Student: 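Structure in structure tokens, see below.
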Amino acid sequence: MAQQLQAAASSRVAVPCCSTGRIARPSSSARSSSRPGSRAAARRPAPPGRLEVACSLNNSAGTTVTKPAKLEARDTLRLALPSKGRMAEDTLQLLKDCQLSVVKPNPRQYVARISQLPGLEVWFQRATDVVRKIIYGDVDLGIVGLDMLAEIGNDDPDIVILHDRLDFGQCHLALGVPMGGQFASIDNLEQLRAMPWSEQTPLRVVTGYQNIARKFFAEKGFEHVVLLSADGALEAAPAMGSADIILDLVSTGVTLRENNLKQIEGGTIMHSEGALVANRRALLERKGLLEVCHELIERLEAHLTADKFYSVIANMRGSSAEEVSQRLLSAPGLAGLSGPTVSQVYTMGADGRAQPHLFAAVICVPKKQLYPAVKEIRKVGGSGVLVQPMTYIFDEEPARWRQLLDTLGVDPKSVDVA
Ligand SMILES: Nc1ncnc2c1ncn2[C@@H]1O[C@H](COP(=O)(O)OP(=O)(O)OP(=O)(O)O)[C@@H](O)[C@H]1O
Ligand SMILES: O=P(O)(O)OC[C@H]1O[C@H](OP(=O)(O)OP(=O)(O)O)[C@H](O)[C@@H]1O
Ligand SMILES: [Mg+2]
């Protein structure tokens, strides 16, 4: 099944690529006699440069590197962050929102510090390199998109995901198929596969995600696929005639639409957003790393949870705190995270003494439910509704911390995070 795709994995010549960054269209000979997997293709040397991006365990020379048997000794812990691209700014903003500002005096500086975490160095790397450096243990922690993790990390057992929903960089990896021409009536993956692809006219897919694409088309039973490589503006390739379809990231869908491409049913490969990841051996062996992870997870969870809620304060008339609470708890969506806080409001009486007046109710309301909640508050006798953003919600021990310890097989009592 899917011989061409499997051959691509081993010979690295089945997927036509080029070193210029432009799309390498398979030449007529590549599409016939030098087809992927053929003897001629196997003899041809792998093109330099671009292939390295597509192969997770290659060094810059394109040769396979074995992981070091042991972690290199060093005094500091290391966190890698994306140095450029869409993730870079949002990653720094997220850390800032967690009161972990990264001090980076100029954009060409690749190492920085976070004053709240003195033992930790921050290294700025291209997103692909964040993943590679995690795998090899050059850095201990990293923030990167799940798409890069899947493409470069390739399910490497040394990668541990500490947090997979950092709430930024949300997008999905999907096929983009022309709206017209031979694809006009193609609405799903089954129909795409059933098209008359052959050795002579394979489905030409341009993508920066060669590993993911190879696996996807093999799993879906496509037999005649050629993967092409490009560094950007992939959406132009079908109109240009250099590829039939694309496999790329989609968030708003505007780029697809503007280039007359559509998504098809079954053509979504994965969801992606920012994730915090770590090297497994580093977690087990580097002194102090688990404690840093605990702090990062706690801060991230406190911020990310709080970011989904508003704190709502309303004046409530009533005979007692219990009676007011009863009304609130009976209304839909006003129970807060663990019940409303109801307290007495006092005014100055004519005798110069504080007099019980109204009650004040404080409720945590999901941002998306704010307006319905305000209407419910009014229905149960509330007025003067104040809405404030929430900064942090530090709850019980985060579930993600416990999951991390379980994944590593570490006894919680052995980590001092009190
Ligand atoms: N349209 C998008 N919406 C949301 N997140 C995206 C989008 N495009 C990319 N990302 C996320 O940002 C990461 C980095 O992509 P980006 O294109 O910014 O950088 P790059 O590809 O490394 O750099 P460049 O494209 O400049 O060579 C991706 O791996 C993905 O997780
Ligand atoms: O669905 P949309 O919101 O339109 O976003 C999708 C586009 O965003 C990314 O490109 P990017 O802007 O990073 O440019 P690039 O191709 O140069 O990487 C991605 O490669 C798509 O082209
Ligand atoms: Mg990009």
Side-chain angles (χ1 to χ4, degrees), residues 17-23 49-56 60 80-95 107-108 110 123-135 139 142-154 156 159 161-179 205-213 216 227-240 242-243 245-264 267-277:
C17 293
C18 68
S19 55
T20 61
R22 278 180 290 127
I23 294 169
R50 190 66 186 100
L51 268 178
E52 177 241 334
V53 176
C55 303
S56 61
S60 56
L81 303 182
S83 55
K84 64 184 281 288
R86 287 175 181 254
M87 304 284 284
E89 214 174 294
D90 289 350
T91 304
L92 293 181
Q93 187 59 49
L94 173 68
L95 291 171
R108 303 300 295 172
Y110 292 128
W123 289 82
F124 291 96
Q125 294 286 297
R126 292 290 293 265
T128 43
D129 287 332
V130 170
V131 183
R132 292 192 183 103
K133 290 195 158 67
I134 291 274
I135 293 172
V139 301
I143 292 181
V144 73
L146 290 170
D147 57 326
M148 280 297 162
L149 202 61
E151 171 65 16
I152 307 292
N154 225 348
D156 191 295
I159 297 177
I161 300 180
L162 274 57
H163 202 302
D164 62 352
R165 295 213 169 260
L166 293 183
D167 253 6
F168 72 98
Q170 286 100 338
C171 50
H172 59 275
L173 202 49
L175 300 184
V177 175
M179 290 178 185
V205 185
V206 63
T207 184
Y209 295 84
Q210 301 274 322
N211 287 328
I212 292 175
F216 176 76
L227 300 180
L228 307 171
S229 178
D231 288 331
L234 269 62
E235 290 83 354
M240 211 182 270
S242 50
I245 66 169
I246 73 165
L247 189 164
D248 196 14
L249 295 173
V250 182
S251 49
T252 61
V254 169
T255 317
L256 279 185
R257 207 167 51 241
E258 290 300 315
N259 289 281
N260 297 315
L261 299 172
K262 63 186 177 193
Q263 297 181 66
I264 58 169
T268 298
I269 294 152
M270 66 176 290
H271 163 82
S272 178
E273 68 182 86
L276 174 66
V277 297

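Ligands are counted one by one from 1 in listed order, and the atoms in each one are counted from 1 as well. For clarity, every value in this text was computed on a predicted model and none was experimentally measured.
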Student: For ligand 1, find out whether one of its N or O atoms is nearer than 3.5 Å to an N or O atom of Asp231.
Tutor: no
Student: With sequence neighbours left out, what residues match Asp248 under side-chain contact (heavy atoms from CB on, under 4.5 Å)?
Tutor: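 Asp248 satisfies side-chain contact (heavy atoms from CB on, under 4.5 Å) with Tyr209, Leu234, Glu235, Ile246 once adjacent residues are dropped.
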Student: Just go through Thr207, Asp248, Leu249 and tell me whose heavy atom is the nearest to atom 20 (O) of ligand 2.
Tutor: Asp248
Student: Short N/O distance, under 3.5 Å, between Gly232 and ligand 2?
Tutor: no
Student: For ligand 2 and Gly253, I'd like to know whether there is a polar contact (N/O to N/O, distance under 3.5 Å).
Tutor: yes
Student: So is Lys84 in contact with ligand 1, going by heavy-atom distances below 4.0 Å?
Tutor: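 It does; at least one heavy atom falls under 4.0 Å.
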Student: Near Val250, which atoms of ligand 2 are under 4.0 Å from a heavy atom of that residue?
Tutor: 1 (O)
Student: With atoms numbered from 1 as shown, which atoms in ligand 2 lie under 4.0 angstrom from a non-hydrogen atom of Ala233?
Tutor: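 This gives 16 (O) as the contact atoms.
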Student: Say you draw a straight line from CD1 of Ile269 to CG of Leu247; how long is it, rounded to the nearest 0.5 Å?
Tutor: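 The distance works out to 3.5 Å.
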Student: Output yes when the distance from some N or O of ligand 2 to some N or O of Asp231 is under 3.5 Å, and no in every other case.
Tutor: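 No: no nitrogen or oxygen of Asp231 is under 3.5 Å from one in ligand 2.
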Student: Mind checking salt bridge (charged side-chain N to carboxylate O under 4.0 Å, His left out) for Asp90 and listing every partner two or more places apart, or none if nothing turns up?
Tutor: none
Student: With the threshold set at under 4.0 angstrom, would you say Gly169 reaches ligand 1 through any of its heavy atoms?
Tutor: yes
Student: Can you sort out which atoms of ligand 2 are near Thr252, meaning under 4.0 Å from one of its heavy atoms?
Tutor: 1 (O), 2 (P), 3 (O), 4 (O)
